[in-house]
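Comments concern the structure below.
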Amino acid sequence: MNLLLAVTGWDPASWSKRILALLPERQLLTPETLRDRGQIRYGLSWRHPPGAFADLPNLAAIFSLGAGVDHVLVDPDLPDVPIVRVVDPDLTQRMSEWVVLQTMLHFRQFRRYDWQQRERIWAEDEEQPSARDVRVGVLGLGVLGLDAVQKLQAIGFDVAGWSRTERRISGLETFHGEAGLDRLLARTDILVSLLPLTAETRGLLNRDLIGKLARDGRFGGPFLINGGRGGSQVEADILAALDSGALKGASLDVFETEPLPATSPLWDAPNLYISPHNAAISEPQAIARYIAVAIHAFESGEPLPNVVDRRRGY
Ligand code: NDP
Ligand code: OXD
């Protein structure tokens with residue numbers, strides 16, 4: 001049985017080549033080349049056009065080509081089949097690299113020293129806090145959040161985490177639910193969001209949340225880092241907070257609109273680091289292998305891995 005690849009913004013030809021090298025007995029079709037809808041058993045999606053997987057009578061599962069699935073679940077004509085998301089050690093490692101990098105850029109005041117170097121100014125800080133004196137709060141204690149927590153702890157930061165349901169994790173202070181969020185924010189100097197985009201997390205990183213972050217830390221104000229999804233942030237609020245000093249700095253990899261329009265005022269915001277949604281790209285060969293292994297296992301009677309709970313939205 002064959003596969004239907006429906007992607008937006010990615011090159012279908014190279015994905016086709018990769019997948020077929022691992023599943024040579026199959027055909028990989030696209031919405032443009034699909035004729036017989038009954039021959040499709042699996043869908044592969046990255047921001048697929050809505051309706052691309054409707055009316056496929058033998059469809060068994062849809063694979064998201066990324067870790068997030070908001071781009072799949074947004075389709076009003078999504079068939080009722082399991083949605084499999086990517087969990088891949090390489091992707092996880094990349095996200096932790098990005099989180100550690102952004103945390104360190106703010107912690108070690110990189111923007112300021114970068115500017116000083118360009119201006120040929122030799123001026124030391126009066127005080128550089130230790131990592132143990134800086135409180136990092138991580139929103140999302142899933143695959144990515146937990147790995148980032150471990151790497152931040154290894155550097156020495158005072159880390160705590162927040163999840164939807166209660167999580168007991170040895171060596172980590174954890175909070176959950178709405179009430180837990182306020183408590184986490186009150187003890188956070190650097191907030192890192194690795195949340196999926198759901199009805200509950202949409203717009204969460206807003207003025208109200210920023211106002212609840214700690215202001216008694218070593219930098220006199222908090223920092224915000226978002227590597228989850230742009231829909232979780234209110235960019236106008238983040239911009240206003242950077243302008244007013246309510247936020248001392250921020251790092252965003254994801255945006256309400258992607259690509260970030262050239263006209264966005266975020267490009268000029270003070271102490272904001274912007275990356276183009278590449279904090280943790282899915283390494284194509286690893287993802288193709290993951291899908292091929294999952295299909296072989298599924299066809300031998302094993303369950304599909306990392307199936308999304310559609311009710312929760314992640
Ligand atoms: P997981 O599903 O493993 O973890 C999600 C975590 O978020 C869980 O701890 C979950 O809580 C928590 N969560 C979900 N909803 C809420 C809520 N309403 N309140 C509090 N906590 C909540 O996801 P991953 O860690 O693998 O990935 C996270 C997200 O990162 C992806 O969904 C994707 O959007 C984004 N991503 C971004 C990339 C990039 O390049 N920028 C690359 C890859 C992913 P609980 O433990 O209770 O279930
Ligand atoms: C993902 C992403 O979900 O790249 O994997 O954002």
Closer than 4.0 angstrom, basic N to acidic O: yes or no for [X] and [Y]?
X: Asp55; Y: Arg37; value: no
X: Arg47; Y: Glu258; value: yes
X: Arg229; Y: Asp70; value: yes
X: Glu119; Y: Arg112; value: no
X: Lys151; Y: Glu97; value: no
X: Arg132; Y: Asp158; value: no

Worksheet item: More than 12 heavy atoms of other residues, nucleotides or ligands under 6.0 Å from CZ of Arg207: is that the case?
Response: no
Discussion item. Would you say the ring centers of His176 and Trp162 fall short of 6.0 Å from each other?
Written reply: no
Worksheet entry | hydrophobic_cluster_shared for Val134 and Ile155, side chain cutoff 4.5 Å | yes
Worksheet item: Heavy-atom distance under 4.5 Å between the side chains of Gln27 and Leu3, does that happen here?
Response: no
Worksheet item: Do Phe107 and Phe223 touch side chain to side chain, with heavy atoms closer than 4.5 Å?
Response: no
Worksheet item: Centre of Tyr314's six-membered ring, under 6.0 Å away, within 45 degrees of the axis: is that where NZ or CZ of Arg312 sits?
Response: yes
Item to complete: Please round to the nearest 0.5 Å and tell me the distance separating atom CG of Leu195 and atom CD of Gln233.
Response: 11.5 Å
Worksheet item: Rounded to the nearest 0.5 Å, how far does CG of Asn226 lie from CD of Gln102?
Response: 11.0 Å
Discussion item. Quiz question: by atom type and distance under 3.5 Å, do the side chains of Glu200 and Thr198 form a donor-acceptor pair?
Written reply: no
Item to complete: Report the C-alpha distance between Phe53 and His48 in whole Å, list the side-chain angles of each, state the deciding distance to 0.1 Å, and finish with yes or no for side chain to side chain contact (heavy atoms under 4.5 Å, CB included).
Response: CA-CA 9 Å; Phe53 300 114; His48 69 264; 3.4 Å; yes
